[in-house]
Amino acid sequence: MDAAEVIYARRKYSVSPPSTTGPPEFERVFRAQANCSEYFPIFVITLWVTGVFFSQAAACVCGLLYLYGRLMYFQGYSESAHGRLAPLYFSAKVLWTLIGLAALGVLNTMCDLHLGLDALQQLCGFFSPN
């Protein structure tokens, strides 16, 4: 979707490739697309690691929230530079949550493999009423 918006903006504001400068309206759309593309590899890797080592359900929920935040970021940035801030902070929080869950899942797997201790299961057992 982002690339299609850049193509549309190029036509609308008469900015021919390979040029990346033009009216501020075009530059905002171009930067929004570039910013989303720059963070996509980090998102995909942490999403995958979270799904494999922590929980597929948590990865799915965080993934959908992140994509929604990035969509709002793109739309907000396309309208005004200030419109990008709230969605940017939201998607950053979701990405940091994914990073934390991925790290927790990998750490738990390493503890289970090397120490024979499933820390997440122990933690869940500690909080469950018996």
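Below, all heavy atoms of this structure are taken into account, side chains as well, without hydrogens, waters or symmetry copies.
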About how many Å separate CZ of Arg84 and OH of Tyr89, when rounded to the nearest 0.5 Å?
-> 7.5 Å
Report the hydrophobic cluster partners of Tyr8, with the cluster defined as I, L, V, M, F, W, Y residues connected by side-chain heavy atoms closer than 4.5 angstrom, directly or transitively.
-> none
Taking only residues two or more places apart in sequence or in another chain, which ones pass ring-ring contact (aromatic ring centres under 6.0 Å, His included) with Phe40?
-> Phe43
Should Tyr66 and Cys62 count as side-chain neighbours, where that means a heavy-atom distance under 4.5 Å?
-> no
Shortest non-hydrogen separation from Ala9 to Val29 and the atoms involved | CB-CG1, 4.0 Å
For Phe53, the hydrophobic cluster (side chain heavy atoms closer than 4.5 Å, chained through members) also holds Ile45, Trp48, Val49, Val52, Val106, Met110, Leu113
Should Leu95 and Val44 be counted in the same cluster of Ile, Leu, Val, Met, Phe, Trp and Tyr side chains packed under 4.5 Å apart?
-> yes
Exercise: identify the closest heavy-atom pair between Ala3 and Gln33 | N-CG, 4.1 Å
Any Lys/Arg nitrogen of Glu38 or Arg31 sitting under 4.0 Å from an Asp/Glu carboxylate oxygen of the other?
-> yes
For Ile42, does its backbone N or O pair with a side-chain atom of Thr46 as donor and acceptor, under 3.5 Å?
-> yes
How many angstroms lie between atom CG of Leu47 and atom CD of Gln56, to the nearest 0.5 angstrom?
-> 10.5 Å
Would you confirm whether Glu27, through its side chain, and Thr21, through its main-chain N or O, come within 3.5 Å as a donor-acceptor pair?
-> no
Mind checking the CD-CD spacing from Glu25 to Glu79? Nearest 0.5 Å is all I need.
-> 12.0 Å
Taking all non-hydrogen atoms of both residues, which atom of Pro87 and which atom of Gly69 are closest, and how far apart?
-> CB-O, 3.6 Å
Intermediate values then yes/no, side chain to side chain contact (heavy atoms under 4.5 Å, CB included), Phe26 and Lys12 | CA-CA 8 Å; Phe26 167 75; Lys12 182 177 180 181; over 6 Å; no
Listed by chain and number, what are the ring-ring contact (aromatic ring centres under 6.0 Å, His included) partners of Phe54, not counting sequence neighbours?
-> none
Reported CG-to-OG1 distance for the pair Leu104 and Thr109, which is rounded to 0.5 angstrom = 9.5 Å
Please write out which residues are connected to Leu64 in a hydrophobic cluster, directly or through intermediates, given that two of Ile, Leu, Val, Met, Phe, Trp, Tyr count as joined at side-chain heavy-atom separations below 4.5 angstrom.
-> none
Donor-acceptor pair, Thr50 side chain versus Leu98 backbone, under 3.5 Å?
-> yes
Do Leu65 and Phe90 have side chains that get closer than 4.5 Å, going by heavy atoms?
-> yes
Hey, what do you get for CG (Leu71) to CD (Gln75), rounding to the nearest 0.5 Å?
-> 4.0 Å
Should we count OH of Tyr39 as having more than 12 external heavy atoms under 6.0 Å?
-> no
Who else is in the cluster with Leu88 when I, L, V, M, F, W and Y are joined by side-chain contacts under 4.5 Å?
-> Tyr73, Tyr77
